[in-house]
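Have a look at the structure below, then the notes.
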Amino acid sequence: MNLSLIQKSWIRLKNWLAPAALFALSLITHLYAFGNPKSVVFDETYSGTFLAAYDKGAYFFDVHPPFGRLLIKFFADLLHAAQGVDFSAIGNPLPQSIVLIRLLPLTAGIFLPLIVYVICRNAHFSRLTAFTAGALLCIENSLIVQSRFVLTDGFILFFGFLSILLYQYYRRYVGRRFLPWLFFLLSILNAAAALSVKWTGLSFLLLIFILEGKEVLLSVMSNWKKIKKLLSFGVLSCGIVLIFYFSVFLVHFSLLPHSGQGDAFMTERFQKTLVGSAYQNDPTVSIKGPFGKFFEINAVMYEANANFTKVHQYSSKWY
């Protein structure tokens with residue numbers, strides 16, 4: 001009896017030992033010298049410029065969807081930070097409040113290795129293999145750098161891999177009444193969040209579709225039921241993603257009611273919706289509704305990304 005209890009305790013300890021060690025390693029590699037330098041670093045110039053624009057309500061244009069910027073803006077508001085800070089040049093000194101804003105991407109970076117560890121375990125990899133996968137993320141230099149500053153790329157990986165993890169739990173509980181739908185909804189919402197930070201986040205939603213397709217095609221169903229199941233999954237998922245994605249832009253527009261530096265990228269009808277723009281009181285220009293603004297800004301984003309061929313002076317070769 002006592003031996004059995006000891007064995008069970010040892011099994012529980014082994015189950016928690018690897019993720020606990022991984023979490024400790026992630027804390028060490030991410031928190032070491034966190035906050036340095038206390039100055040604007042690389043693309044923080046853009047993050048700071050967008051924060052200032054949100055504070056003023058002045059419209060700006062970005063080549064990426066605004067969800068990552070909104071997360072940083074709301075976190076900055078929570079800390080009462082970012083107002084009056086000069087982000088105009090790399091190396092400009094930053095107050096402690098801005099350094100604290102870096103905690104948001106840092107948190108995403110710290111938990112990413114743990115998420116990957118659990119994904120690997122759910123996929124029936126050994127503890128050693130899962131731990132190795134997580135540990136490699138803990139020491140991957142580019143990911144550490146991304147998580148230590150006010151940048152948004154870490155959010156894509158955090159939401160994206162979390163969507164995969166939640167999808168695994170959706171598949172685990174298929175057949176029950178409530179749990180699978182909860183995990184399905186959370187999985188698709190996180191995939192939508194990744195997409196709403198940058199379009200590259202779409203890859204996680206596509207991966208979920210591939211995984212679901214594999215499960216359905218290998219199931220014991222008639223071909224018609226398989227097609228119906230896949231169509232239902234796809235339509236429902238895309239509907240949730242589109243609602244989330246559109247809602248993000250509605251919040252973005254509501255926070256930027258005034259004319260700003262981004263006016264020049266938009267049409268006259270779009271600019272007419274902005275207070276203080278050159279076309280606000282022009283009777284010859286018709287006003288654009290929320291759906292029209294949504295489609296226009298995404299079209300302009302696509303065009304801007306497609307035409308972005310300039311090589312940055314700090315960039316490295318692909319190899």
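- For the ring-ring contact (aromatic ring centres under 6.0 Å, His included) test with Phe183, the passing option among Tyr170, Tyr169, Phe178 is Tyr169; the others fail.
- Formation of a donor-acceptor pair under 3.5 Å by the Ser26 side chain with backbone atoms of Cys138 is not found in this model.
- The CG atom of Leu186 lies 10.5 Å from the CG atom of Leu165; values are rounded to the nearest 0.5 Å.
- The hydrophobic clustering, which links ILVMFWY residues whose side-chain heavy atoms are closer than 4.5 Å, places Ile139 and Tyr117 apart.
- A distance of 10.5 Å separates CG of Leu25 from CG of Leu137, quoted to the nearest 0.5 Å.
- Contact check for Leu205 versus Leu202: side-chain heavy atoms found under the 4.5 Å cut-off.
- Of all non-hydrogen atoms in Leu207 and Ile164, the two that sit nearest each other are CD2-CD1, 3.7 Å.
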Carefully, step by step, assess Phe204 and Ile156 under the rule side-chain contact (heavy atoms from CB on, under 4.5 Å). CA-CA 9 Å; Phe204 290 101; Ile156 304 173; 4.2 Å; yes
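- Leu112 and Leu136 are assigned to two separate hydrophobic clusters, defined by single-linkage of ILVMFWY side chains at heavy-atom distances under 4.5 Å.
- Scanning all heavy atoms of the two residues, the minimum distance from Asp62 to Met301 falls at O-CG, 3.5 Å.
- With hydrogens and angles ignored, the 3.5 Å screen pairs no side-chain donor or acceptor of Asn122 with any backbone N or O of Ile119.
- Linking Ile, Leu, Val, Met, Phe, Trp and Tyr whenever their side-chain heavy atoms come within less than 4.5 Å leaves Val275 and Tyr54 in two separate clusters.
- Annotation: side chain of Ser147 is not in contact with side chain of Phe158 (no heavy-atom distance under 4.5 Å).
- Considering CG of Leu17 and CZ of Phe131, their distance stands at 9.0 Å, rounded to 0.5 Å.
- Counting only distance, with no hydrogens or angles, the side chain of Ser187 and the backbone of Ser163 share a donor-acceptor pair below 3.5 Å.
- The ring-ring contact (aromatic ring centres under 6.0 Å, His included) search around Phe270 returns Tyr59, Phe253, not counting sequence neighbours.
- Closest non-hydrogen pair, Gly276 versus Gln280, comes out as N-OE1, 2.8 Å.
- Remark: the Thr132 side chain and the Thr129 side chain contain no N/O donor-acceptor pair separated by less than 3.5 Å.
- Put simply, the side chain of Pro105 does not reach to within 4.5 Å of the side chain of Leu151, judged on heavy atoms.
- One finds a salt bridge joining Glu212 and Arg171 here, because a Lys/Arg side-chain nitrogen approaches an Asp/Glu carboxylate oxygen to under 4.0 Å.
- Two different hydrophobic clusters hold Ile227 and Val216 under the rule that ILVMFWY side chains link at heavy-atom gaps under 4.5 Å.
- The distance between the ring centers of His252 and Phe60 falls below 6.0 angstrom.
- Both Ile115 and Leu189 sit in one connected hydrophobic cluster of ILVMFWY residues. Membership requires side-chain heavy atoms under 4.5 Å apart, directly or through other members.
- With 3.5 Å as the limit, one finds no donor-acceptor pair spanning the side chains of Gln271 and Ser259.
- Residues Phe161 and Asn190 form no side-chain contact, since every pair of their non-hydrogen atoms from C-beta on lies 4.5 Å or further apart.
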Verdict with supporting geometry, Asp55 and Lys73, side-chain contact (heavy atoms from CB on, under 4.5 Å): CA-CA 9 Å; Asp55 286 337; Lys73 181 259 189 301; 4.2 Å; yes
Show the numbers, then the answer: is there a side-chain contact (heavy atoms from CB on, under 4.5 Å) between Phe74 and Arg69? CA-CA 9 Å; Phe74 292 136; Arg69 310 295 185 194; over 6 Å; no
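- Using modelled atom types and a 3.5 Å distance limit, the side chains of Asn298 and Tyr245 yield a donor-acceptor pair.
- Under a 3.5 Å cut-off, the side chain of Lys272 and the backbone N or O of Asp282 do form a donor-acceptor pair.
- Other residues, nucleotides and ligands contribute at most 12 non-hydrogen atoms within 6.0 Å of the CZ atom of Phe125.
- At a threshold of 4.5 Å between non-hydrogen side-chain atoms, the residues Leu179 and Arg172 do not count as touching.
- For the pair Val41 and Arg102, the minimum side-chain heavy-atom distance is below 4.5 Å.
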Start with the C-alpha distance between His258 and Leu274, add both sets of side-chain angles, then the distance that settles side-chain contact (heavy atoms from CB on, under 4.5 Å), and finish with yes or no. CA-CA 5 Å; His258 300 284; Leu274 302 172; over 6 Å; no
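- The CG atom of Leu70 sits 11.5 Å away from atom OG1 of Thr152, with the distance rounded to the nearest 0.5 Å.
- Note on residues 139-157: pairs passing salt bridge (charged side-chain N to carboxylate O under 4.0 Å, His left out), not counting sequence neighbours, are Asp153-Lys198.
- Using the six-membered ring where Trp is involved, Tyr302 and Trp199 have ring planes that are tilted, between 30° and 60° apart.
- Gly134 approaches Leu22 most closely through the heavy-atom pair C-CD1, 3.4 Å.
- When all heavy atoms of Ala76 and Leu51 are compared, the closest pair comes out as CB-CD2, 4.0 Å.
- Between Phe249 and Phe246, the ring centre distance reaches or exceeds 6.0 Å.
- With hydrogens and angles ignored, the 3.5 Å screen pairs a side-chain donor or acceptor of Lys226 with a backbone N or O of Leu217.
- With hydrogens and angles left out, the side-chain atoms of Thr273 and Lys293 include a donor and acceptor closer than 3.5 Å.
- Atom CD of Gln146 is separated from atom CZ of Phe42 by 9.0 Å, given to the nearest 0.5 angstrom.
- The closest side-chain heavy-atom distance from Phe23 to Pro19 is not below 4.5 Å.
- The main-chain N or O of Gly234 is never found under 3.5 Å from a side-chain atom of Ser237 such that the two would form a donor-acceptor pair.
- Phe184 has its side chain within reach of Leu236: a pair of non-hydrogen atoms, C-beta onward, lies under 4.5 Å apart.
- Summarising the geometry of Met266 relative to Ile297, their closest heavy-atom pair is CE-CA, 3.9 Å, with the distance given to 0.1 Å.
- How far CD1 of Ile101 is from CG of Leu106: 13.5 Å, rounded to the nearest 0.5 Å.
- Note: Phe67 and Phe159 have tilted aromatic rings, judged against thresholds of 30 and 60 degrees for the angle between ring planes.
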